[in-house]
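In each ligand, atom 1 is the first atom listed, and ligand 1 is the first ligand listed. Hydrogens, waters and symmetry mates play no part in the numbers below; they use all other heavy atoms, side chains included. Numbering starts at 1 and runs along the sequence shown. The structure presented is a predicted model; accordingly, all values stated were derived computationally and were not measured.
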Amino acid sequence: MSSNIRNFSIIAHIDHGKSTLADRMLELTGTIEKREMRDQVLDRMDLERERGITIKMQPVRMEWKNTQLNLIDTPGHVDFAYEVSRALSAVEGVVLLVDATQGVEAQTLSVLATAKELGRVIIPVVNKIDAPHARTEDVKSEISLLIGCDEDEILATSGKTGAGVTELLDAIIERIPPPETSGDKLQALIYDFSYSDHRGVIIYCRLFGGKVSKGDSLKLAAANATFNALEVGILAPDEEARESLNEGEIGYIVTGIKRPGVASVGDTLVAARMSAPALGGYRQPAPVIWASVYPESQDDLVQLRQALERLRLTDSSLSYEEESSGVMGKGFRCGFLGMLHLEIVVERLKREFDLPLVVTMPTTVYELTLANGAIEEIYNPARFPDDGTVKAVREPWVALAVMTPPQYLGGISQIMFDHEAVVGDTETLPDGKVKVNAEMPLRELMRTFFDKLKSVSSGFASLSYEPIGLRSADVVRLDVLVAEELVPAFARIVSKRRVGHEAEALVENLEKLLPKQLFELKIQAKTGGKIIASRRKSAMRKDVTGYLYGGDITRKMKLLEKQKKGKKKMLARGKVDIPHDVFLKVIKGGE
Ligand SMILES: Nc1nc2c(ncn2[C@@H]2O[C@H](COP(=O)(O)OP(=O)(O)OP(=O)(O)O)[C@@H](O)[C@H]2O)c(=O)[nH]1
Ligand SMILES: [Mg+2]
C-alpha cells in the first residue's frame, strides 16, 4: 500500500513562491477545481491572506499518476522555523525552492540545513522562471555549488504560469522514496492540532505504522490519555472523512478531548491496548522574547486564560505563565519566537477572541546578579530594579549571518554599528553576494534590526541567526509617565549608551500617538529617578461631544455616563485612556 505514497514538503526562503507553487500542484492534480482556486489557497487564516505570508504549515492530499501525494506547505519567515522542522519530521523528501530573481538567501541555507540534518531527500528547484529578472541559469549554478549536485538535477518552475510543474510532480514520485513503515502496531506522530467546540481537539498526524479507523480506542503516549476516534480523515485541503488512515499516510483524527493541556505536539498516538513505543517527538522551541499580556479589565482574566489555552492548541510554539503586576493586576507572561510571532498572537487574541488587552514592551530575558549575590531572571521590564541593587546583568546574544549584494555593505555596517554588533569575518559567495558574520545582543536584533536591514538594502539582504548564550550587558530601565502617572506597560530595558536617544524618540512618538485630552498632557521618560525627556501635548480646544450631539443634553449625559462606566472597568489606566492601538504601535515601533 504505502509504495504508492509520497510525503513531501516545500521549503524555501520567505516569498520564494512555495504557496503559489502548491496552488499549481493542486490545480494540475485536480484536487481543487480551477474555478474554486484563489491565490495561495493553502494560506487559510485571514491574517495569512491579508499579509501575504504563510504562518502555519498546511498539509494537503493530492493524487498524481496513481500515487497519493501528501504535501505540507511551510512558512518561510525566520520566526516560524519551528513549523518547518515539525513539517519535515512527517515527510521523506523536500522540494527546495530558490527564487530565480533573488538567488540563494539566508533562510535557504537554514531550511536546507534542517532538511539535511533529518536526512531528507532534496529536490532542488529554481522557481519564478517567468519573472522578467529571472537569472535561471546563474541560480542553477549557485544551487549546484550549494548542495553539491549536478545542474541537470535541478528543475525549473513557475508557480505563476505552471511551467515545469508537471515535471516536478513526476520527479517527486521518482526521487522521493515511499514511506518506510514500522510494522502493524499503530504509531502516529502528532505534528499539529486544531480545536472545535463540538468535537474537541483534532489531531493532525503522520502514521509511521499500523492503521486507525473510526471508533478505534487510542492513546496519547506521553499524556497517557485514552479516547475513541470520533472521525478520521484526510485534508484536501478541507477535512474529508474516511473509513481509516493507513501506514505512511498523513491525516486528521477527531478526539472529542476538551480538557486543555492533554494533547501536545510531538506526542505519539498509539493503540489503547498492546501499544507500540512512542516516537522521537520534537524539541521544545525556545522562546526568544517575552511580553506580558493583561486583560484591560480583570473581569476578563478567565476568558483570557481560555483564549490562550485555545490558541496554544493551534500554535504549539506559544508559551505562557500566569503572573501579577501591582498596577495591572493579573495577566500572563508569554514567550514568543520573534516579533512577528508576537504580533500575530496579539492580533489573533484580539480578533478570534475579541478581548481588549494591554501588552507590555517585549523584552529578552535578563539574568541579574543582585548585591546580595542572588541570581534572578527578569522577563518583565517593569520589574527590572532601578535602585542600584543590581551588581551585574547578562543577556542573550545571537550569531548572525547577513547575505547581501556587495553594494549595500556600507549601509549595513552602519546599522550593525547602531545595533551594537561585533562584526566578524565576511565571505564572498559564488554569485557575488557577500555573507557577513556578526554577533549582537538579541535585544538589538529585536529592535527592528530586520526592517532596517531590508530598507538599507532595498530588500535584497537576508538574515538568519541562532542563539549563542549569555553575555554581560550594560543596560538600564526606562520608564514612561503619562500625566505624571507611571505606565508600566511602556517600561523598557535599554542600553546605557542609547538611553538618552531612546527617551527622546519615545516621548516624541507618544506625543504623536496619544489622543488629545481636555487638559495639557505631560509625557515624560525617566531613568534612575531622573526625568530625561519630556513633551507636552496641548489640550483639546473644545468639547467634541458638543458639536456631535448638537446640545441634546440628555443624550450627552448618557454618553458621558457610559464612558464613566467603561473607565471604571479599566484597571490598567489612570487619568488618561491609552488606546489599544497606541500600545501596539509603540511596541511595534521599538523606538
Ligand atoms: N513572477 C512570479 N511571481 C511569483 C511566482 N510565485 C510566486 N510569486 C509571487 O511571489 C510572492 C510570494 O509568493 P508566495 O507563494 O506567497 O511565497 P511563499 O514562499 O509561500 O511565502 P511565505 O509562505 O510567506 O514564505 C507573491 O507575490 C506571488 O505572487 C512565480 O512563479 N512567478
Ligand atoms: Mg507561503
Colleague: Considering non-hydrogen atoms of the protein only, which is the closest contact for atom 25 (O) of ligand 1, and what is the distance?
Modeller: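 Checking every protein heavy atom, the shortest distance to atom 25 (O) of ligand 1 gives K18 NZ, 2.8 Å.
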Colleague: Checking the N or O distance criterion of under 3.5 Å, is ligand 1 in contact with H77?
Modeller: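 Between H77 and ligand 1 (N or O atoms, distance only) the closest approach is not under 3.5 Å.
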Colleague: How about K454: does its NZ atom have over 12 heavy atoms from other parts shown lying under 6.0 Å from it?
Modeller: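 Atom NZ in K454 is crowded, with more than 12 foreign heavy atoms closer than 6.0 Å.
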Colleague: Taking only protein atoms, how many N, O or S atoms are found under 2.8 Å from the Mg ion (ligand 2)?
Modeller: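 Total protein N/O/S atoms under 2.8 Å from the Mg ion (ligand 2): 2.
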Colleague: Among protein heavy atoms, which lies nearest atom 23 (O) of ligand 1, and at what distance?
Modeller: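 Heavy-atom neighbour on the protein nearest atom 23 (O) of ligand 1: T54 OG1, 2.7 Å.
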Colleague: Less than 6.0 angstrom from the centroid, inside 45 degrees of the normal: does R206 satisfy that with respect to the ring of F208?
Modeller: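 Cation-pi check for R206 and F208: passes.
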Colleague: Got the closest protein heavy atom to atom 21 (O) of ligand 1, with its distance?
Modeller: D15 N, 3.2 Å
Colleague: Could I get the full list of side chain to side chain donor-acceptor pair (under 3.5 Å) partners for R175, not counting sequence neighbours?
Modeller: none
Colleague: Going by a strict under-4.0 Å cutoff (protein heavy atoms only), does atom 17 (O) of ligand 1 have a neighbour on the protein?
Modeller: yes
Colleague: With no hydrogens and no angle check, just 3.5 Å: does a side-chain donor-acceptor pair link T54 and S19?
Modeller: yes
Colleague: Between A87 and T74, what is the shortest heavy-atom contact and its length?
Modeller: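 Distance-wise, the nearest heavy atoms are CB-CG2, 3.7 Å.
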Colleague: Using side-chain hydrogen bond (donor to acceptor under 3.5 Å, both in side chains) as the criterion, point out the one residue from D46, T314, D315 that pairs with R348.
Modeller: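 That would be T314.
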Colleague: Quick check: does S19 get an N/O under 3.5 Å from an N/O on ligand 1?
Modeller: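 Checking ligand 1 against S19, an N or O pair does fall under 3.5 Å apart.
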Colleague: Which residue owns the protein heavy atom closest to atom 10 (O) of ligand 1, what's the atom, and how far is it?
Modeller: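 It is K128 NZ, 2.9 Å.
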Colleague: List the closest protein heavy-atom neighbour of atom 31 (O) of ligand 1: residue, atom name, distance to the nearest 0.1 Å.
Modeller: G159 N, 2.8 Å
Colleague: Would you say E444's side chain and P441's backbone share a donor-acceptor pair under 3.5 angstrom?
Modeller: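 Between the backbone of P441 and the side chain of E444 there is no qualifying donor-acceptor contact (under 3.5 Å).
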Colleague: Looking at ligand 1, does any of its N/O atoms fall within less than 3.5 Å of an N/O of D130?
Modeller: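 By distance alone, the answer is yes.
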Colleague: Could you tell me the residue and atom name of the protein heavy atom closest to atom 14 (P) of ligand 1, and the distance to it rounded to 0.1 Å?
Modeller: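 For this ligand atom, the closest protein heavy atom is T20 OG1, 3.6 Å.
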Colleague: Where is the nearest protein heavy atom to atom 29 (O) of ligand 1: which residue, which atom, and how far?
Modeller: Q40 NE2, 4.2 Å
